[in-house]
**Q** 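Encoded as C-alpha cells, here's the structure I'll be asking about.
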Amino acid sequence: MSRSTHDFDERYARAVEQGALEARTQPRAVSARYDPETGRIEVELRNGCLFAFPAHLAQGLGGATPEQLAKVEVLPTGYGLHWEELDADLSVPGLMQGVFGTAAWMRELGQAGGRVRSPAKAAAARENGRKGGRPRKRSSSPAAREG
C-alpha cells in the first residue's frame, strides 16, 4: 500500500469515527411539524426531546402560509430543516441556540425588537424623561475620574 493511500485510509477512518460521535452527541431531528394553533414549528430529536420555535422568527418563514409551513422536511442527516417551496433551510443545532438565520437576519430581528412599542416601554420612557432623560455616559479615562 502506498503512503498516500495509507494516509487517506487513516483520515477516512478518523472522519467516520468523528461523524459517528457527532451523530450520537449532536442534536439531530427525527421529525418536524407546523402547529397552526401556536404558530410554531415543533421538532422532535433523536434523544426523545422536543422543542419548538415561532415560525415568524425564522429567516425565510415570516410571510409563509400555514400550508407552506406544514411542508417542513427533516434533512436525511437530521441536522437541518428544509422547506422546498420557500427555499428555506435552517440548522437544528443553530435553532436550539436561538439562531434563526444569518447574522444579518439576527441583527434585523434585534433592531425590530428595539422598535417595539408597548405600554410598559412608553411608561418607562416617560419616567426617564421626568428624571432628565437618558443618563450621560461616564468617561472611563483616569483624568475624568480624578477631576
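What's counted below: heavy atoms across the whole structure, side chains too, no hydrogens, waters or symmetry copies.
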**Q** Assess whether atom CD of E17 is packed by more than 12 heavy atoms of other residues, nucleotides or ligands within 6.0 Å.
**A**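 Atom CD in E17 is not packed in, count stays at 12 or less.
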**Q** My understanding is that only residues two or more places apart in sequence, or in another chain, count here; which of them pass side-chain contact (heavy atoms from CB on, under 4.5 Å) with V74?
**A**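 Counting only residues at least two positions away or on another chain, V74 forms a side-chain contact (heavy atoms from CB on, under 4.5 Å) with A29, A32, L81.
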**Q** Scan residues 57-72 for pairs that pass salt bridge (Lys or Arg N to Asp or Glu O under 4.0 Å), counting only residues two or more places apart or in two chains.
**A**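 Sorted result for residues 57-72: K71-E85.
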**Q** With a 4.5 Å cut-off on side-chain heavy-atom distances among I, L, V, M, F, W and Y, is there a chain of contacts connecting L75 to L95?
**A**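 Hydrophobic grouping puts L75 apart from L95.
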**Q** Find the distance between OG (S31) and CZ (R46) and round it off to the nearest 0.5 Å.
**A**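 Here the rounded value is 12.0 Å.
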**Q** Please step through side-chain contact (heavy atoms from CB on, under 4.5 Å) for the pair L45 and L50, ending with a clear verdict.
**A** CA-CA 6 Å; L45 303 178; L50 180 73; over 6 Å; no
**Q** So F53 and R40, do their side chains get closer than 4.5 Å, heavy atoms only?
**A**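 No; the side chains remain at least 4.5 Å from each other.
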**Q** Do other residues, nucleotides or ligands put more than 12 heavy atoms under 6.0 Å from the CZ atom of F51?
**A**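 Yes - once you tally the heavy atoms of other residues, nucleotides and ligands closer than 6.0 Å, there are more than 12.
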**Q** Step through the shown structure and confirm whether more than 12 heavy atoms of other residues, nucleotides or ligands are within 6.0 Å of CG on D87.
**A**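 Incorrect, the count does not exceed 12.
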**Q** Indicate if L86 and L90 have the same hydrophobic cluster label, given that clusters are the connected sets of ILVMFWY residues with side-chain heavy-atom separations under 4.5 angstrom.
**A**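 Linked within one cluster.
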**Q** Taking ILVMFWY side chains as joined if any heavy atoms are under 4.5 angstrom apart, and letting links pass through other members, which residues group with Y12?
**A**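 In the cluster with Y12 are F8, V16.
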**Q** Between Q68 and T65, is there a donor-acceptor pair closer than 3.5 Å when you use the side chain of the first and the backbone of the second?
**A**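 A pair under 3.5 Å: yes.
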**Q** Using side-chain heavy atoms (C-beta onward) and a distance below 4.5 Å, is V43 in contact with I41?
**A**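 Counting from C-beta outward, V43 and I41 do come under 4.5 Å.
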**Q** Nearest 0.5 Å, please: how far is CD in Q97 from OG in S91?
**A**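 One gets 7.5 Å once the value is rounded to the nearest 0.5 Å.
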**Q** To the nearest 0.5 Å, what is the distance between CZ (R28) and CD (E44)?
**A**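 These two atoms lie 16.0 Å from each other.
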**Q** Keeping W83 on the side-chain end and E73 on the backbone end, is there a donor-acceptor pair under 3.5 Å?
**A**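 Checked: no pair found.
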